[in-house]
Every structure is written in structure tokens, then in C-alpha cells.
Amino acid sequence: MEYRNLLEYEIAQLEATGCTATNWNTVSVKDGFNPSCYIRVNFSGNVRLGNTRELFVRNGVPVRSGIYDATIHNCEIGDNVHISKIGEAIANYRIGDNCYIANVNAMFATGASSFGNGCEVNVMSETGARSLYIYESLTSQIAYLTVMYRHNEAFTTRIKAFAKEYSDRQRCATGLIESNVTIAGCGTIADTIVRTGACIEGATRLVDGTVGRDCKVGDNVIASHFIMASQSRVDSGSTIERVFVGQASSLANGFIAHDSLFFANCACECGEACAVFAGPHTVSMHKSTLLIGGMFSFFNAGSGTNESNHLYKLGPVHHGIMERGCKTASNAYITWPAHIGPFTLVAGSHTSHPDTTELPYSYLMERKGKSLLIPAANLKTSGTIRDILKWGKRDRRSSDIERLDLINYDALNPLITWRVYQAINTLDRCEADPEYPLARNFTIEYHALRRGRELYALAADYFMGESVVNKLLSLDFDSAVPVEQQLKPEYSGLDQWIDLAGLIVPRKKVGFIIDDIVNGTINSLEGIVERLKMLYDNYEAMKWSFVVDNLSKCYSKKLETMTLHDFIAIAKRWSESIAAISKFRNHDAMKDYSESMKVGFGVDSDGQNVEADFIAVRGLPEQDPNVDEMNRHYDIALKNATTAIKRLEKALGI
């Protein structure tokens, strides 16, 4: 709809309600403009005003659109917008339809700004050696490649240039508030874009940033040089500077962070983060917890967790990695550098820089001031499967918004299984050479070697059996295409895999993408995302290739020599693996119902009603939702194995 100049009677009516303008000729309006909806407004510069016909409801109370008690300078304001009680001014902003802006001290754009895009964040290494430019559509995968592949200078130069170009395209002298936005009770908002559906209430100061679609920003938040991706939340006194907050992530309750990245579904409260790469589902909920100079994903920090990067001579240069699924116990302490393998529980103090990448699913404990590793111990725990089952359910990203981070929730995947095979070889080497663990800066007790091998073998057997059974269930035995042809993998040679901050992919395929970025075949961030999505979509096919390549290692036969009888044997063997792991984890879960866990129950009953009080509060183990979910998970697995066996037997005429 086109704008027109104000009519004389409209100017007269505006002046009658206390409105003024430096020049009424620079104020234009749409047809349907209602001057009675503007009271005590000072206009200056070029101002465009939309329609003000409708009421809308805020917190159950009807609110009239219009502008009341405000100074408006160089702004374009959409239809049905309510603006009131602006302390200083709203200057150099475009405001979309159906917005509510009230009790704000000041909102202005100071000149050409990229609104947080292009801000350089010194992640992991505080000295800037792994820095990257944040931008609104940054993904955990692109961030990982930018930060961790610095050894490839040509690639690093190209990918940082892409981010810089993206940021330069966002540069504008005018701020933007999109439609259906609420901004209320705030201090200063400067050089900040606010996307559709966002709600900012009680924030103290937002400077040089982007608040994404459907974001929530709450009381006393201070943020500068930031990006908040869609559906994220920064609330209750949190302070962030040079920070990217990923989709559906939450920083709250006084959390303080600088030079850090938090990707999808992170939840951090009370503590601090400095130079942290927090991959998807990183959780830190305790006031005394400090995450610093590290890379994490699917991580849960116990209270008092602290990683120190201050054992240095030449500045804060040390950093470390805790891979997917790690946890720390209360007061865990690690002196960087260190590299902790997947799904490892860390307890106690570790100052010798352990490298446990070859031994996933372990316990890393402190024993007499040294790091003691118990290999594969975490494979038996109910907490491990509980975490695995909950992560997918805790993906809070809406399906109607493009999901930036590509997250694979498959726990026993080719990467972990490759590590498990590696772990078996490592334990063999440790038995032959007791000095080998010392070179990795930890110790292993001799009796733990055999048990670790058994558990790793069980894990490998479980992954292989599950993958084979799932493939068998996908076959069409009535098809004209022979079963042998249906089983043939699409790929080959995908033996080594990596975790790109949530995306499990073959190392070789990532290498191809990097080569194509360097040689110019891929020439944009969008091109990188497209290629990564192809890997995400083809995960199952690539995983099957890994399984086929490892059949001989696990079952002493290659695919070409296998018969349907062999596959029946694999399905039965998988059933045994399911039963074994289920038994371990159920036994571990029942520890929460042991006699020692009933201390403190039946307080005033002279010990007579301990059991009744415990059941009233905790319930019976068979009613525990976590136990029920775990058992249901394994029941489904057993049913799949049984179904596969029946189909194979039918095909054989048995």
C-alpha cells in the first residue's frame, strides 16, 4: 500500500493531542490512518506510519494500536502497532505489523551495522587462534570445520571469507523489528534486529545483535555482539558478550558467557562459560561450574565442574575436548589440554592431561592423585541408555522452522563402533605393554583389561546385530530384485568416521567437501550446508557400507559368502546381546531401589514405615518411567530380532 502526506485536519488533530514534528511534510501515512491514536508524540526525520484500526490482546488485556508518549525519528512503522512510554527515542528503525513496544528507555540504530553478524569470537583458544565469525545461520557443523581444521590454511581462509561476505550483506544503517514482536520494560536496544514472534521483556541492554524468530529475552539480560538463533532463550540476569546462542538453547539464571558458541538444545544456568564450543545438548546447571576453553557435545556438567586453561607460560593457550556423551561428577577438575573419549564419566581431579579417545564408555577416576581409567564401565549403566533415549525427545526445535544443526541421535553409530574395535586393540596392547596407558597419561588396573574387552565386544556385537537386523527388516523378499542385490552397499571404504558437532559422517566424505571448498567447486555457505545435508540424509546407506566392511571382523565372513542361515544366526546372536546389555542396565537401575537408598525415609516412624514411605515417594521399580522406557526400548529390539528371524525362515521355507 502506498503512503501519502498528512492532510491538514489530521495535522491539526495530532497537534491537538500534543504531537509535534520538525517538519510535518516528512511524516507520511497509509490510507486508514487514525490521528486519534497518536498522543504526545514527537516526530523528526522521515517517518512512515501504518494503519491503527485494530485492538489486540496482551496478557488478557485489550490494547489499542497507536503511539503514545514517544519520540520517533527516521522510522517506518507497520500496521496495528502499539508504542508507548519511550524514555528517549526510537530512531532509525523499521517496525513490522502487530508489534507491542512499551516502557523502553531507548531503541536506536547508530549507523551501518551487521547486527552481530561478523563478530569475531575467540572460541576454545582465548588467544584467537581458533576464532570464527558468527552469523545468523551459523551451524554447528560449519563452526566445527572452521574452528578445528586450522591446519588447512587454504580451507580456513575460504570458509572465513564466506562468513565475512554473509555478514557484509547484512550491513544496514536501519534497524529492524519484524512482525508480532513484543518489547516491554527494557533499557537500551541498539543496533539490534528482532525477528518475527520474538519477545523481549525486562532486558537491561542489547547492543549489536540479532534476536531470532520466536526468541525469548528476559529480565536484566545484558547482551552485546551476539546472535540468538530462532527459539532460543536468554533470561533472568544472564550476561553474554561475543556469543552465539543456537536454536532452542537456553541461557538463564545469571549465566555469564563470553567468546562462546552454544548450539541447538543447550541448557546452561547459573555458571560461567569462557571460550567454549558447546555442541548440541550441552548442559550446565550449577552456579559453581565453569566451562572454559573446551569443546563439548551431549555433555552434562556436574556441580563444581572446572576445566583450567591457566597452566601456561605464554598466555591462555590450552584447550581440551570432551566428546559426545561425556559427564562430570561434582567437583570434577581437568587441567587442559586433555581429550576425553565419548560417553566417559569423569570424577575427581585430573592434572596429567589424559587422552582417552581410544577407550569410549569409560570411567576416568582420580586415585591417589593420578588418573585411573576403568574401560567400558559406562556401557553397563542405566544412566547411559537413559541419556541416549532422552536427547531426541529434548530436541525443542519447531518443525516449521529450518533446523540449522544436523543432529544424529544414533548412539551406537559407525564412529563409536570404530572406536570400540580400536579399544579392543588398545586393551590388548595395554596387556602386552603396561607402559602404554602411561603414555596417554592414565593408568588401567590389570584386572579391568579382560572385563573391558568383553564389554567392548558386546557393544560391537550389539551395533552390528542391530544394523543387520534393521537392514533385513527393510528388504522385500518378494521383490524381483535378488536379496543379494538388495544387501549390496552403495558405498565402500568408509571405515573411519568423525563427529562434526552432532553429525556423524565418514572422514573421507568430509575431506571431499573441504577439497571442493578449496578448489572453488563449493563457493558459498549455502553450498556447504547443502553438501552436509546430503551426508545427513544418506547416513543409513553409508552406515550399511561400514557394517558390510566389518562383517568379517565381527562374524568371520564377508557379505558375498553369507547365506540366509548366517543372517538368522546373527539375529539370534543379537538377541543374546540385547538380553545381556538389558540385564546389566536393569541391575544398575535397581541400585536406586536398594536398601542403602532408603536412608532418610520414614523419619518419624521409629523405622516402622521406611518401606511404605519410600514406595509412597519413589514408587515401585516396575512403575519407574525411566525403567519402563528402557525396558520398552529393549523389548522393541527383541521383537525386531524375532521378526527378522521369522522372515528369513519363511524365505527359506522353514
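The structure displayed is predicted, hence computed values, not measured ones.
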Distance-only donor-acceptor hits, side chain of residues 296-308, under 3.5 Å, sequence neighbours excluded:
| unit_1 | atom_1 | unit_2 | atom_2 | d |
| --- | --- | --- | --- | --- |
| S303 | OG | S330 | OG | 3.0 |
| T305 | OG1 | G302 | N | 3.2 |
| T305 | OG1 | G302 | O | 2.6 |
| T305 | OG1 | T328 | OG1 | 2.6 |
| E307 | OE1 | I292 | N | 3.3 |
| S308 | OG | H310 | N | 3.3 |

Taking the six-membered ring for Trp and the full ring for Phe, Tyr or His, determine whether the centres of F263 and Y144 are under 6.0 Å apart.
no
Can we say E165 and R171 salt-bridge, meaning some charged N sits less than 4.0 Å from an Asp/Glu carboxylate O?
no
Look at the rings of Y166 and Y135 and say which category their plane angle falls in: under 30° parallel, 30 to 60° tilted, over 60° perpendicular.
tilted
Result block: side-chain N/O donor-acceptor pairs under 3.5 angstrom for residues 215-223, not counting sequence neighbours:
none

Minimal non-hydrogen separation, D31 against N51, with atom names
O-OD1, 2.7 Å
Donor-acceptor list for residues 265-283 side chains, cut-off 3.5 Å, not counting sequence neighbours:
| unit_1 | atom_1 | unit_2 | atom_2 | d |
| --- | --- | --- | --- | --- |
| N265 | OD1 | R396 | N | 2.9 |
| N265 | ND2 | D395 | OD1 | 3.1 |
| E269 | OE1 | N253 | ND2 | 2.7 |
| H281 | NE2 | Y409 | OH | 2.8 |
| T282 | OG1 | G279 | O | 2.8 |

Min side-chain heavy-atom separation I142-F162 under 4.5 Å:
no
Does the side chain of L145 reach to within under 4.5 Å of the side chain of V510, using non-hydrogen atoms?
yes
Any carboxylate oxygen within less than 4.0 angstrom of a Lys/Arg side-chain nitrogen, looking at K85 and D69?
no
Note: A109 and G175 closest approach over all heavy atoms is CB-N, 3.6 Å
Quick one: sort the F155 and Y149 rings into parallel, tilted or perpendicular, breaks at 30° and 60°.
perpendicular
Side-chain (E76) to main-chain (L49) donor-acceptor, under 3.5 angstrom:
no
